Amino acid sequence: MSFAKEGPYTYTSAMMSTKIGYARCSTHRQDLSAQKQALENLGVSPDRIYTDHGLTGTQRLRPGLDQALAAVRAGDTLVVPKLDRMARSVPDARAIADQLEKKGVKLALGASVYDPTDPMGKMFFNILATFAEFEADLMRMRTREGMAMARAKGKLRGKQPKLSNRQSRTLRRMYDTGEYSISDLAEVFSVSRPTIYRTLKRQPDAT
């Protein structure tokens, strides 16, 4: 089979190869621990795991993935927990698979090793890539629909000012006295200097 589970015993040539792992999460709020642990369970050394944090699979500019692709050599295996961690579109998945094939590098999706020379394996890989792209498109569609509904209900109003109207008026009065610098006001109201400038621009002169 083109996607075969790795057994407990391997040939000597396979033992000479190296497993390089790659993990990715789309937002900074997500944790990579589970993916890293899964890669370690698949035999990837912790110091050979490359990651991208806060980058979606549709972004081709992924430093961690580029480092992983640069680290693999002929005979090595690139291991990813799932295909959608590596790519979220069919063209991107195929481009990466072709790049690995040219370098003589195997691709393992979890415990299943992809064989690009086998017609069934290639077909299965394309099916997985299609599903990954479909899931990404579906997620974007649901996000757009959710935002549209929130706007219709008045729950999505954009970025709100950091200071209330009362605080803004107080800030304006303090600034107009000439006794407080922009830095002083930023410290008093616990906001940044740009916020002070924006507030003063919105708030008319108190005098």
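Just so it is clear, the model here is predicted, and its values are computed rather than measured.
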Under the side-chain contact (heavy atoms from CB on, under 4.5 Å) test, residues paired with Pro194 that sit two or more places apart: Ser192, Arg198
Minimal non-hydrogen separation, Gly43 against Lys19, with atom names: O-CD, 3.9 Å
Counterpart residues, side-chain contact (heavy atoms from CB on, under 4.5 Å), relative to Ser168 (two or more places apart): Leu163, Thr199, Gln203
Side-chain donor/acceptor of Ser181 to backbone N/O of Asp184, under 3.5 Å: yes
Approximate separation, where rounding is to 0.5 Å, of Ser112 OG and Leu83 CG: 12.0 Å
Check: Leu107 and Val113 side chains under 4.5 Å, non-hydrogen atoms: no
Heavy-atom check, side chain of Pro46 versus side chain of Glu40, under 4.5 Å: yes
Partners meeting side-chain contact (heavy atoms from CB on, under 4.5 Å) with Thr177 (sequence neighbours left out): Glu179, Tyr180
Single-linkage hydrophobic cluster, 4.5 Å side-chain cutoff, Val44 and Leu32 together: no
Glu187: partners by side chain to side chain donor-acceptor pair (under 3.5 Å), with sequence neighbours left out: none
Set of side chain to side chain donor-acceptor pair (under 3.5 Å) partners for Ser190, sequence neighbours left out: none
Which atom of Lys103 lies closest to which atom of Leu69, heavy atoms considered: NZ-O, 2.6 Å
Heavy-atom closest contact (Gly75 atom, Ser17 atom, distance): O-CB, 2.8 Å
Donor-acceptor pair between Tyr22 and Asp52 side chains, under 3.5 angstrom: yes
Residues in side-chain contact (heavy atoms from CB on, under 4.5 Å) contact with Ala38, at least two apart in sequence or another chain: none
Gln35 versus Arg85, closest heavy-atom pair with distance: OE1-CD, 3.3 Å
pair Met174-Phe189: side-chain heavy atoms closer than 4.5 Å: yes
Met86 and Leu65: CA distance, side-chain angles, deciding distance, side chain to side chain contact (heavy atoms under 4.5 Å, CB included) verdict: CA-CA 8 Å; Met86 184 183 74; Leu65 178 59; 4.2 Å; yes
Exercise: identify the closest heavy-atom pair between Gly64 and Tyr50: O-CB, 3.4 Å
Ionic contact status for Arg172 with Asp176, cut-off 4.0 Å: yes
Intermediate values then yes/no, side chain to side chain contact (heavy atoms under 4.5 Å, CB included), Val79 and Ile20: CA-CA 6 Å; Val79 187; Ile20 302 295; over 6 Å; no
Ile49 and Thr51, any side-chain heavy atoms less than 4.5 Å apart: yes
Under the side chain to side chain donor-acceptor pair (under 3.5 Å) test, residues paired with Asn41 that sit two or more places apart: Gln37
Polar side chain donor-acceptor pair, Arg73 to Thr18, under 3.5 angstrom: no
SB check Asp92 Arg62 (cutoff 4.0 Å): yes
Distance-minimising heavy-atom pair for Val105 and Ala74: CG2-N, 4.3 Å
All side chain to side chain donor-acceptor pair (under 3.5 Å) counterparts of Gln67, not counting sequence neighbours: none
Given Val188, Val191, Leu200, Thr195, the one that forms side-chain contact (heavy atoms from CB on, under 4.5 Å) with Leu171: Leu200
Residue pair Lys106, Asp76: steps toward the side chain to side chain contact (heavy atoms under 4.5 Å, CB included) verdict: CA-CA 6 Å; Lys106 296 179 181 178; Asp76 290 347; over 6 Å; no
